[in-house]
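One structure below.
Just so you know, ligand 1 is whichever comes first in the structure, and atom 1 is the first atom listed for that ligand.
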Amino acid sequence: MHNRIYNFSAGPAVLPEGVLEEAQRDLLSLKGLGMSVMEISHRCKAADEIFATTDANLRRLLRLGDNYKILWLGGGASQQFSMVPMNLLRGEGRSADYILTGSWGEKAIKEAKKEGTARAIWTGKAENFVRVPKPEELSFDPKAVYVHYTSNETIQGVQFEAEPDAGGIPLVCDASSDILSRPIDASKYGLIYAGAQKNMGPAGLTVVIIREDLLPLCGENLPSMLSYRVHAENNSVYNTPPVFAIYILMLVTRWLIENIGGLEPMAAINKRKSQLLYDAIDSSGGFYRGHSDPSCRSAMNVTWRLPSEDLEKEFVAEAKKHSMDGLKGHRSVGGIRASIYNAMPEKGVETLRDFMKDFASKKG
Ligand SMILES: *Cc1c(COP(=O)(O)O)cnc(C)c1O
């Protein structure tokens, strides 16, 4: 038997157990190849098939049109904070609009400002990042090259329910912590990027989905490794992509399609899971206080406070004794954060919910 505990860490995060088992089974030798997937060339037929299958699965799950390219990159989502503006914002008269709903969006605009004109058209900072803007609070520059937003702010636990309506300006979305958690309207996006280690696979892979008509914006003088155009023209094998991480993403996307049935049922499961925790918060008589505004509560990262920091420490330590780890909130927000990505079983969330009730009745 495995001694697996419930891992509520924000990332790297829990992966489906069946995926880990399959990877383990095939670790020494992939389907009669006599080599591990970690040992094969990124230009061999087996690697081609892994890339093609993963590409097809992602297209199917996200309903991507043929006019999107999927790139396998490294450098984490953080490198995209720079790559997006290096590629799309350098150039005469270009500017971009940023919507800031938490810590990651702030990091993104900081890098964008090094590359060109990036305007924060809305920030939730003064309210301590508890919500996303209402449509009437947003006024876009119609000439903006793109509008950047963070679909789910992992640290604060603040999530957009749907894409902001930017009136046809291409959306650029940091979807690191909620990609594949629910269906999206792909046609609204110019570019989607996500580090794999929250909802897709191991660290080391960053998925970038870019609409082809944006590629001509990418300057000729960029370092090749930082150019979307170069990676797109070379089908992500300009250099060695993270083959093993892409292979795990192939297994994760297959799990989503075959075991879950796609993103609609996944979204329903995620809604149900998060509701268990929000109900526990709301019914605690004020013992637990949710961080985010109820209208913007994340289905992926549930964040809340207890009456004191001592109680928060005790909560985390007690939970650990009950086989639940990773619950300490990010240092910038404090409190508790339960990250309940796709692969967190409902049983794990129920276990946490029961523990919350028990803890509140003892300490409240
Ligand atoms: C984790 C995270 C990042 C940073 O990802 P790295 O891969 O560590 O660079 C960026 N944005 C969001 C929304 C995240 O959750």
Check: Thinking salt bridges, do E350 and R353 make one under a 4.0 Å N-O criterion?
Finding: no
Within the 4.0 Å heavy-atom cut-off around ligand 1, the contacting residues, ordered by chain and number, are G76, A77, S78, F81, W104, T150, N152, T154, D174, S176, S177, Q197, K198
**Prompt:** Have N67 and D213 got a donor and an acceptor in their side chains that come within less than 3.5 Å?
**Reply:** no
Which of Y146, Y149, W122 passes side-chain hydrogen bond (donor to acceptor under 3.5 Å, both in side chains) with Y98? Answer is Y146
Side chains of S181 and N342 only: does a donor on one sit below 3.5 Å from an acceptor on the other? no
Residues pairing under salt bridge (Lys or Arg N to Asp or Glu O under 4.0 Å) where one sits in residues 173-182, two or more places apart or in two chains, turn out to be D178-R182
- prompt: Quick one: do the E39 and S36 side chains pair a donor with an acceptor below 3.5 Å?
  reply: no
